[in-house]
Amino acid sequence: VSAFWGGVRASLPVVLGYLGIGLAAGVVERAAGLSYAEILLLSTVLYAGSAQFVLTSLLALGAPASAIVPTVFLVNLRHLLLSAALAPALRGVPAWKNALLGLQLTDETFVVASGHSASKGLRFGWMAGLNLSAWTAWAAANVAGAALSGLAGETRVLGFALPAMFAALLVLQLRIHRHFRTALAVAALAAAAGVAAQLAVAGPWAVVAATVLGASLGLLLQSCTSGPNS
Amino acid sequence: MHIRPEFLALVLACALVTALPRVLPLVVLSRFALPRWLLDWLSYVPIAVLAALTAIEVLVPGGQALVIRGNVAIPAVAAAFAVAAATRSLLLAVLCGVAAFWLLS
């Protein structure tokens, strides 16, 4: 129990961040025509900030589910790396408990958990406290944002929270990448390719094409600059 | 207080494809390691996705045509970039980006 509350205490910076971003997400979701029940469902079951923004904006553009689901998959594929990185610290934990912890893995809780594991190791109770606290704050902020969107009126301005969050996440991802200059080249190519593909075919597949192109260029540049053995 | 059946199906499908990369490595990877090149390729995926999404949202606002002249989203997203780089705070960067967008439009 004390490990659980330690996790809750460690989640406070994440909770504060989620209250802000969650409010913006709720406003955008309500503006896109989702009901309160749908917003609660989305934020508790999907529970992924950028994927919720992507789903909402694609839904508003009238994209079919056959395009939305693969795009959400690609956006959330990055969790593969975070999940893999936490695995060694949770080796003694039963598989079903690790599965529960993995379901609520986010970029922000990963940052807190990996910081904690470096000094004190990870326990299931502590992780559960961190996860449940962040999850509750996210869902509450989404619903509160939905309630505020009627008062806000100017949803076009609040909708800019979406590209602003993408831009900020991009900066944070670039900072922690081991090959900063290669990562910067990947970002530039993916941005240009994304815009070109969007103008050519006007659809969500633009992001998929730009991602595959950008990540492959990154792998190529990395192997050219650092050699096959490093 | 209503959930459309097709929306429920969409959220469940999205949740399933989201759960797989969140859960599988944590459960499985203590036994099997992914090949090095795949891990390297995956490390560029979030960067490429975020760069493409940001560029499209800012430069192709309606989803159809490129808008450069008089596009207040360009300086506003530059403000978000600068604040994120200087403070490493997601919340502060989003607030400053939205505030810049609001002041300029």
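The figures that follow rest on heavy atoms only: side chains count, while hydrogens, waters and symmetry mates do not. The structure presented is a predicted model; accordingly, all values stated were derived computationally and were not measured. Sequence lines set the chain letters: A, B, ... in the order given, protein chains first and strands last, and positions in each chain run from 1.
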Do you know which two heavy atoms are closest between [X] and [Y], and how far apart they sit?
| X | Y | answer |
| --- | --- | --- |
| A/Ser83 | B/Val23 | OG-O, 4.2 Å |
| A/Ala215 | B/Tyr44 | CA-CB, 3.8 Å |
| A/Ala167 | B/Phe81 | O-CE2, 3.6 Å |
| A/Ala95 | B/Val27 | O-CG2, 3.8 Å |
| A/Ala84 | B/Pro25 | N-CB, 3.6 Å |
| B/Ala48 | A/Ala190 | O-CB, 3.5 Å |

- How far apart are the C-alpha atoms of B/Leu10 and A/Leu59, what are their side-chain angles, what is the distance that settles it, and do they pass the side chain to side chain contact (heavy atoms under 4.5 Å, CB included) test? CA-CA 10 Å; B/Leu10 176 68; A/Leu59 211 55; 3.8 Å; yes
Leading residue by heavy atom contact count with chain B [cutoff under 4.5 Å; candidates [options]]:
| options | value |
| --- | --- |
| A/Glu38, A/His79, A/His179, A/Lys97 | A/Glu38 |
| A/Leu40, A/Leu55, A/Leu90 | A/Leu55 |
| A/Ala65, A/Ala187, A/Pro94 | A/Ala187 |
| A/Leu74, A/Leu220, A/Leu100, A/Leu34 | A/Leu34 |
| A/Thr106, A/Val75, A/Val186, A/Leu213 | A/Val186 |
| A/Leu217, A/Leu174, A/Leu169, A/Leu86 | A/Leu169 |

Taking atom [atom1] of [X] and atom [atom2] of [Y], what is their separation to the nearest 0.5 Å?
| X | Y | atom1 | atom2 | answer |
| --- | --- | --- | --- | --- |
| A/Ile39 | B/Ile3 | CD1 | CD1 | 11.0 Å |
| B/Ile56 | A/Ser57 | CD1 | OG | 10.0 Å |
| B/Asp40 | A/Arg178 | CG | CZ | 5.5 Å |
| B/Thr18 | A/Tyr47 | OG1 | OH | 13.0 Å |
| A/Leu103 | B/Leu20 | CG | CG | 10.0 Å |
| A/Thr211 | B/Ile47 | OG1 | CD1 | 11.5 Å |

Tell me, for [X] versus chain A, whether the close heavy atoms (under 4.5 Å) come from the side chain, the backbone, both or neither.
| X | value |
| --- | --- |
| B/Leu95 | neither |
| B/Ala99 | neither |
| B/Leu59 | side chain |
| B/Val60 | side chain |
| B/Ala9 | neither |

- Return yes if some donor-acceptor pair links the side-chain N/O of A/Ser35 with the main-chain N/O of B/His2 below 3.5 Å, else return no. yes
- Report yes or no: does B/Arg22 contribute a side-chain atom to a donor-acceptor pair with the main-chain N or O of A/Leu105 at less than 3.5 Å? yes
With a 4.5 angstrom heavy-atom cut-off, which part of [X] approaches chain B: side chain, backbone, both or neither?
| X | result |
| --- | --- |
| A/Leu184 | neither |
| A/Leu172 | side chain |
| A/Tyr18 | neither |
| A/Thr182 | both |
| A/Ala99 | both |
| A/Val93 | neither |

- With a 4.5 Å heavy-atom cut-off, do A/Leu41 and B/Leu8 have their side chains touching? yes
- Give the member of B/Val49, B/Leu24, B/Leu12 that has the highest number of heavy-atom pairs under 4.5 Å with chain A. B/Val49
- Step by step, work out the side chain to side chain contact (heavy atoms under 4.5 Å, CB included) result for A/Phe160 and B/Val77. CA-CA 9 Å; A/Phe160 191 73; B/Val77 86; 4.2 Å; yes
- Query: Within a reach of under 6.0 Å around CZ of B/Arg4, are more than 12 heavy atoms found that belong to other residues, nucleotides or ligands?
  - Reply: yes
